2 protein chains.
Amino acid sequence: MKDLKLNENAFLPLRDVVFNTLREAILRGDLKPGERLMELTLASKLGVSRTPIREAIRMLEQEGLAVTMPRRGAQVAGMTEKDMEDVLQIREALDILAAQIACEKITEEQLVEVKAAAERFRKCTLTHDVKKLAEADVNFHDAIYNATDNPKLISLLSNLREQLYRYRVEYLKDESKYSELVEEHDRIVEGLENRNMELLTQSMKAHVEGQTVAMRHVIRDQD
Amino acid sequence: MKDLKLNENAFLPLRDVVFNTLREAILRGDLKPGERLMELTLASKLGVSRTPIREAIRMLEQEGLAVTMPRRGAQVAGMTEKDMEDVLQIREALDILAAQIACEKITEEQLVEVKAAAERFRKCTLTHDVKKLAEADVNFHDAIYNATDNPKLISLLSNLREQLYRYRVEYLKDESKYSELVEEHDRIVEGLENRNMELLTQSMKAHVEGQTVAMRHVIRDQD
DNA sequence: ATGATTTGGATTGTATACAAAAAACAATAG
DNA sequence: CTATTGTTTTTTGTATACAATCCAAATCAT
């Protein structure tokens with residue numbers, strides 16, 4: 001386990017601060033799958049008592065980032081290839097759903113935001129800054145999610161993305177796919193702009209399927 | 001708040017027992033939307049300390065059954081018509097997804113189970129026992145979910161169903177729709193049996209859309 | 001009266017103490 | 001040397017104590 005340090009924010013209860021800290025540590029890989037989350041250890045590392053640690057663990061558990069066996073404590077949840085496939089399958093369906101809802105409901109303002117995000121993404125493909133690129137991609141999809149006006153769907157999708165996060169950045173390292181991604185984004189924007197549900201559904205489907213294939217590839221290579 | 005009593009199970013940690021108890025109380029309406037979940041009150045009602053109560057609340061929170069404002073405690077989450085629509089929209093997409101996956105993966109054994117559940121449902125429509133009927137319907141859909149071999153999808157769908165639960169039983173009280181429901185189930189079974197993805201998708205879509213309309217009706221009537 | 005302010009009680013947040021279970025270790029018998 | 005039992009240590013589960021915050025009623029000034 002790498003050193004952990006509290007992401008301090010004086011206004012949030014400690015359980016939330018601890019939750020965010022652990023969540024990020026898990027996502028960035030500082031806490032590895034299978035690693036035990038021992039209350040006393042974490043408590044002393046983060047300089048708090050066991051109480052907020054325990055509450056944070058209960059929260060991580062429900063997010064799918066930790067698993068606990070009663071009386072044996074919690075561990076960082078592992079992500080097998082199968083798990084990843086399962087998540088991708090769900091995300092594919094919901095990403096398409098989000099696009100379809102957005103197609104009907106998106107406002108001019110929101111469309112502008114989607115376009116801006118697509119443009120930022122395009123620019124980032126030129127700078128070779130993978131971190132920024134990933135962020136731009138997230139923004140693009142979030143802009144579409146937001147247009148659904150369905151908070152439950154939005155939070156579900158962001159939870160799914162979270163679970164995929166560990167492999168996400170990897171697949172964005174393949175620069176040969178950049179132009180393809182930009183084109184896919186453009187087609188999605190076109191679909192939204194013209195309220196062309198058919199085109200939009202097809203292009204979003206192609207986009208997420210492409211990502212699915214790419215990530216599957218990344219996972220295979222790692223093992 | 002109606003009287004609460006611990007669903008005692010000596011092997012589970014108290015937090016889980018409390019969680020189940022509160023979850024069921026919320027779903028059956030004993031704890032009403034907006035009702036405060038006060039730690040000390042619940043603790044004394046259930047005869048435990050605040051610690052397991054707090055942990056259970058963190059879990060309910062992540063399930064969407066409770067909402068908490070920092071330093072102000074938790075309340076039972078309300079379900080507006082809008083919330084319900086949002087959940088139904090998601091469930092529709094995922095139910096169809098589940099059917100499509102099942103169509104490819106379902107085993108003979110699992111198919112037998114689906115058929116049996118459909119038959120049990122049909123029988124229940126004759127007895128006018130709404131509770132049993134609801135249970136049979138749950139079994140039918142669970143049998144399909146199980147065939148997806150995707151645990152994350154299964155647990156997501158059962159969480160969504162949970163959120164709809166309060167209105168579920170209501171819509172099953174309209175006996176005039178029973179024959180329609182039975183027919184829809186039959187078509188779904190037919191689709192699975194013949195591995196006819198097109199038919200299956202259509203019939204599942206019709207089925208969940210029908211439920212959506214019925215529930216929307218129920219909600220409107222209540223307000 | 002009305003509005004600001006103080007103050008007491010209620011409630012949540014955090015730390016800690018103690019109990020119970022599990023894990024690690026050591027000792028002994030085979 | 002292995003297996004088994006008993007003992008110690010570690011770790012989780014639960015209760016409780018104390019601190020910080022919030023809320024509402026009472027008080028005070030205008």
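Just so we're on the same page: letters track the sequence lines, and every chain starts at 1. Note that the structure is a prediction, hence the values are computed from the model and not measured.
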> Between B:Asp16 (CG) and D:dT12 (C1'), how many Å, whole number?
Replying inline: 13 Å
>> Measure CZ/B:Phe11 against P/D:dG13 and give the value in whole Å, please.
In response: 16 Å
> What pairs of residues pass the side-chain hydrogen bond (donor to acceptor under 3.5 Å, both in side chains) test when at least one of them lies in residues 67-80 of chain A, not counting sequence neighbours?
Replying inline: A:Thr80-A:Asp83
> Tell me, which of residues 65-75 of chain A have any heavy atom that sits under 4.0 Å from an atom in DNA chain C?
Replying inline: A:Arg71, A:Arg72
> Does anyone know the first and last nucleotide of DNA chain C in reach of chain A, 5' to 3', at under 4.0 angstrom to a heavy atom?
Replying inline: C:dG13 to C:dA23
> Base, sugar-phosphate, or nothing: which does B:Arg54 touch, judged by heavy atoms less than 4.0 Å apart?
Replying inline: base
>> Whether the A:Arg91 and A:Gln211 side chains hold a donor-acceptor pair (N or O, under 3.5 Å, no angle test) is what I'd like checked.
In response: yes
>> Under 4.0 Å between a side-chain nitrogen and a carboxylate oxygen: does that hold for B:Glu135 and B:Arg120?
In response: no
>> Without decimals, in angstroms, what is the distance between B:Leu14 CG and D:dT12 P?
In response: 17 Å
> Looking only at side chains, do B:Glu209 and B:Thr212 share a donor and an acceptor under 3.5 Å apart?
Replying inline: no
> Is A:Glu119 salt-bridged to A:Arg122, going by a charged N under 4.0 Å from an acidic O?
Replying inline: yes
> Just checking, is any N or O donor in the side chain of B:His207 or B:Asp95 under 3.5 Å from an acceptor N or O on the other one?
Replying inline: no
> Which whole-number value in Å describes the distance from A:Glu55 CD to D:dT12 P?
Replying inline: 16 Å
> Side-chain donor-acceptor pair under 3.5 Å between B:Lys152 and A:Gln163, yes or no?
Replying inline: yes
> For B:Gln110 and B:Asn146, what are the C-alpha separation, side-chain angles and deciding distance, and is it a side chain to side chain donor-acceptor pair (under 3.5 Å)?
Replying inline: CA-CA 8 Å; B:Gln110 289 169 330; B:Asn146 282 131; over 6 Å; no
